[in-house]
Amino acid sequence: MLACFPDHRRMCRAPAIEYLFLSLFFSVLFSTSTACSNGNCQVLEACSAATDCGAGLYCGNCPALGKTQPFCTRGQATIPTSIVNGLPFNKYSWVVTHNSFSIVDAPPLPGVQRLTFYNQEDTVTNQLRNGVRGLMLDMYDFNNDIWLCHSFRGQCFNFTAFQPAINTLKEVEAFLSENPTEIVTIIIEDYVQAPKGLTNLFTNAGLGKYWFPVSKMPKKGEDWPTVTEMVQDNHRLLVFTSATSKEADEGIAYQWKYMVENEAGDPGVVRGSCPKRKESKPLNSRSASLFFQNYFPTIPVQSEACKEHSTPLAEMVGTCYKAAGNSMPNFLAVNFYMRSDGGGVFDATDRINGQTLCGCSTVTACQAGAPFGSCKNVTVPNPSPLTNTAGSFTGSVQFSRSASTAHSPSCFILFLFYLPLMAVFF
C-alpha cells in the first residue's frame, strides 16, 4: 500500500488517558550510569553490544532525536492474553505492520531493479515471533498467480513485485501451527480479480482450518467471541478485504463493515487531527466494534521511524482516542515497528491494553482475576546520563538484516517517480 486501504470499555477521563500516554515519552530517555552487560541491561540502559541487553531488547539508538549513544530498546511485544485472558477479542489491542511484506533487502525479480518504498526490516515470521499480530498485505494478479506487490493503480509490475502471496501465508500457517493459542489478523488491500482467487490461495496455504467465519462476526458493533472461545474453536485467523464483493462471493469479510479506520499516510500523522478514512464509518460509530489506527507517513524512512515512534505516537493515540468517542484502537499499524527511542509501539500498546483490560497504566501492571483498577507496582527505568559511547543500532532481536538508514533507491528519487500517482491513493 502506498498508503494502505487497508465496543471497547469506554473511558471517560480523556485528559487523564492522554496524560498517561504522554508521560512515558516526554521524559528524556537516558540509561542508568550503573554498568551492565551479559544480558543484564534493561530498557534505556547503555549498551555496547547486542548481548548486553536482556530478553526482548536490542542495542539501538535514535540519531533522529539526537540520541546517538546506544541504549537497550524494546524489540518485542507483551502478549496481552498472557496476562489477562478470556475477554472478547475486541477488548484487546495489537501491533500491526504496514506493508508487512515490503521488506528491506528482499531480493527483486531476476534482472529487475525494484523501484518502490520499503516499510519493514525483518521477515514476516520474525514479525510474528516478536509479537506482531496484524499483517497488512497488498495482493495482485501477477504472473498467472497472486503476488504481494507495493504498487499503484491496481496493477503489479516486475519492479514493484515482491513474491507470491502463498509464501507469506505459509509463514503465517507455520506460526499458527507452532503457537496454538495465538490469533492473527490479515488486512488485504485487494486487487485480485481471478475468480475464487483468494479462496484458493488461503486453502492452498493450509489456512482454511484456522479461518474465522464471517457468519460469526458481529454485524452491529456487538462484542466479539472471547479469545478463549476463538482458540477453542481454532478460529484463530481473521481475514479482511478492501473489496466489498468478496464477502458475498468468497466469504471474506469486507473490512469497513466490521471496523472503523483513520486516514493512512501523511493525513493520519498530522498532530491534533485524526480524520476517518473515506471508506470508513465515522470513528465514533458504534455499529462497528473494531478500531484500526494507521500511524505511518506516506514516504517511509527507516532512520526517522524511531522519532515517529516517540512522543508523536503517544500524542496521536490520545488524539484518535478522543476522535473515536473515547475508544482505544484494537490495531495500531506502523512502519519499521521495532524502531523507537526506548519503548515505541510496544509501550504504546502496553498502555492501551492496560487502560482497557484492567484500568492500569500498562498491561504489565494488570493482575489476572483482580477487580478492574487493581494494579501492581511496575518498575520504571530511572533516567540518568549515558556514559557508554560505543555501538550503534544493531537490530539484534530477530531482524533478518541490520539496516539503519533509508534504503536505496533514495526516497527523493522514489518521491519524484510516484508524485504523479499519489492522487490515486490520497
C149 vs C156, test: disulfide (SG to SG under 2.5 Å). Steps then yes/no. CA-CA 6 Å; C149 303; C156 182; 1.9 Å; yes
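- The minimum heavy-atom distance between V231 and P180, with the atom names listed, is CG1-O, 3.6 Å.
- When every heavy atom of D105 is checked against every heavy atom of Y118, the shortest pair comes out as N-CE2, 4.5 Å.
- To the nearest 0.5 Å, atoms SG (C36) and CD (E45) are separated by 4.0 Å.
- Minimum heavy-atom separation, A253 to V214: N-CG2, 3.6 Å.
- Side chain of D190 to main chain of V192: a donor-acceptor pair is present (N/O by atom type, distance under 3.5 Å, no hydrogens or angles).
- Between atom CZ of residue F175 and atom CG of residue N126 there is a gap of 11.0 Å, rounded to the nearest 0.5 Å.
- Using a 4.5 Å cut-off on side-chain heavy atoms (C-beta onward), F240 and L290 make contact.
- With 3.5 Å as the limit, one finds a donor-acceptor pair spanning the side chains of T97 and Q127.
- Between the side chains of N90 and D223, at least one donor N or O sits under 3.5 Å from an acceptor N or O.
- No donor-acceptor distance shorter than 3.5 angstrom exists from the side chain of N130 to the backbone of Q76, with no hydrogens or angles considered.
- The line from CZ of F291 to CZ of F331 is 11.5 Å long, rounded to the nearest 0.5 Å.
- Taking 4.0 Å as the cut-off between side-chain N and carboxylate O, K220 and E222 do not count as a salt-bridged pair.
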Going through the checks in order, is the disulfide (SG to SG under 2.5 Å) test met by C62 and C306? CA-CA 6 Å; C62 189; C306 65; 2.1 Å; yes
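- For the pairing with E182, the salt bridge (charged side-chain N to carboxylate O under 4.0 Å, His left out) check across R133, R129, R236 returns one residue only, R133.
- Below 30°, between 30° and 60°, or above 60°: for F212 and W224 the angle between ring planes is between 30° and 60°, a tilted geometry.
- At distances below 3.5 Å, not a single donor-acceptor pair connects side-chain atoms of Q232 with backbone N or O atoms of M230.
- Under a 3.5 Å cut-off, the side chain of S82 and the backbone N or O of I79 do form a donor-acceptor pair.
- Side chains of N85 and T228 form a contact here, defined as non-hydrogen atoms less than 4.5 Å apart.
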What's the verdict on side chain to side chain contact (heavy atoms under 4.5 Å, CB included) for T185 and W94, showing C-alpha distance, side-chain angles and the deciding distance? CA-CA 9 Å; T185 301; W94 311 97; 5.9 Å; no
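- Of the possible polar contacts, one joining the K196 side chain to the D249 backbone as a donor-acceptor pair under 3.5 Å is found.
- If you take SG on C360 and CZ on R351, they are separated by 11.5 Å, rounding to the nearest 0.5 Å.
- Residues Y191 and D141 form no side-chain contact, since every pair of their non-hydrogen atoms from C-beta on lies 4.5 Å or further apart.
- Distance NZ/K278 to CD/E261: 12.0 Å, rounded to 0.5 Å.
- Atom CD of E279 is separated from atom OG1 of T244 by 11.0 Å, given to the nearest 0.5 angstrom.
- Looking at Y210 and D233, their side chains never bring a donor and an acceptor atom within 3.5 Å of each other.
- D52 contributes a side-chain N or O that, together with a main-chain N or O of A49, makes up a donor-acceptor pair within less than 3.5 Å.
- The pair E173-K209 meets the salt-bridge criterion, since a charged nitrogen lies less than 4.0 angstrom from a carboxylate oxygen.
- A donor and an acceptor atom, one from each side chain of T349 and N353, are nowhere located under 3.5 Å apart.
- Between the side chains of T78 and D350, a donor-acceptor pair is found at a separation under 3.5 Å.
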Test disulfide (SG to SG under 2.5 Å) applied to C375 and C366, step by step: CA-CA 5 Å; C375 310; C366 295; over 6 Å; no
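- A donor-acceptor pair is defined here as one N or O able to donate and one able to accept, closer than 3.5 Å; no such pair exists between the side chain of T168 and the backbone of A165.
- No hydrogens or angles considered: nothing links the side chains of W147 and Q163 as a donor-acceptor pair under 3.5 Å.
- A cation-pi arrangement, defined by a distance under 6.0 Å to the six-membered ring centre and an angle within 45 degrees of its axis, is present between R114 and F162.
- At a threshold of 4.5 Å between non-hydrogen side-chain atoms, the residues F142 and N158 count as touching.
- Two rings, from F157 and F159, have their centers less than 6.0 Å apart.
- In the model, E250 has a side-chain atom that pairs as donor or acceptor with a side-chain atom of T199 under 3.5 Å.
- Scanning both residues, V124 and S100, for their nearest heavy atoms gives CG2-O, 3.8 Å.
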Give the C-alpha distance, both sets of side-chain angles, the deciding distance and a yes or no for disulfide (SG to SG under 2.5 Å) between C59 and C47. CA-CA 6 Å; C59 189; C47 56; 2.1 Å; yes
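- Judged purely by distance below 3.5 Å, without hydrogens or angles, the side chains of R286 and S327 pair a donor atom with an acceptor atom.
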Determine whether Y140 and T160 satisfy the following criterion, side chain to side chain contact (heavy atoms under 4.5 Å, CB included), listing intermediate values before the conclusion. CA-CA 11 Å; Y140 293 76; T160 61; over 6 Å; no
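- Of the possible polar contacts, one joining the S151 side chain to the Q155 backbone as a donor-acceptor pair under 3.5 Å is found.
- A 6.0 Å sphere centred on NZ of K170 holds no more than 12 heavy atoms belonging to other residues, nucleotides or ligands.
- Contact check for L87 versus T81: no side-chain heavy atoms found under the 4.5 Å cut-off.
- Scanning all heavy atoms of the two residues, the minimum distance from C320 to N262 falls at SG-ND2, 4.2 Å.
- For the pairing with V260, the side-chain contact (heavy atoms from CB on, under 4.5 Å) check across K276, K281, Q293 returns one residue only, K281.
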Would Y337 and V132 satisfy side chain to side chain contact (heavy atoms under 4.5 Å, CB included), going step by step from the backbone distance to the final call? CA-CA 9 Å; Y337 71 103; V132 170; 3.8 Å; yes
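- Looking at heavy atoms from C-beta onward, I103 lies out of side-chain contact with D122 at the 4.5 angstrom threshold.
- In this structure the side chain of V43 never reaches within 4.5 angstrom of the side chain of C72, judged on heavy atoms.
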What's the verdict on side chain to side chain contact (heavy atoms under 4.5 Å, CB included) for E308 and F336, showing C-alpha distance, side-chain angles and the deciding distance? CA-CA 10 Å; E308 295 160 5; F336 308 118; over 6 Å; no
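- In terms of heavy-atom proximity, D341 sits nearest to H309 at OD1-O, 4.3 Å.
- Using modelled atom types, no side-chain atom of T125 and backbone atom of E171 make a donor-acceptor pair closer than 3.5 Å.
- With respect to M136, the side-chain contact (heavy atoms from CB on, under 4.5 Å) criterion is satisfied by exactly one of I186, N294, I188: N294.
- By the 4.5 Å heavy-atom criterion applied to side chains, H98 and V334 are not counted as neighbours.
- Distance alone, capped at 3.5 Å, is enough to place a donor-acceptor pair between the T73 side chain and the F71 backbone.
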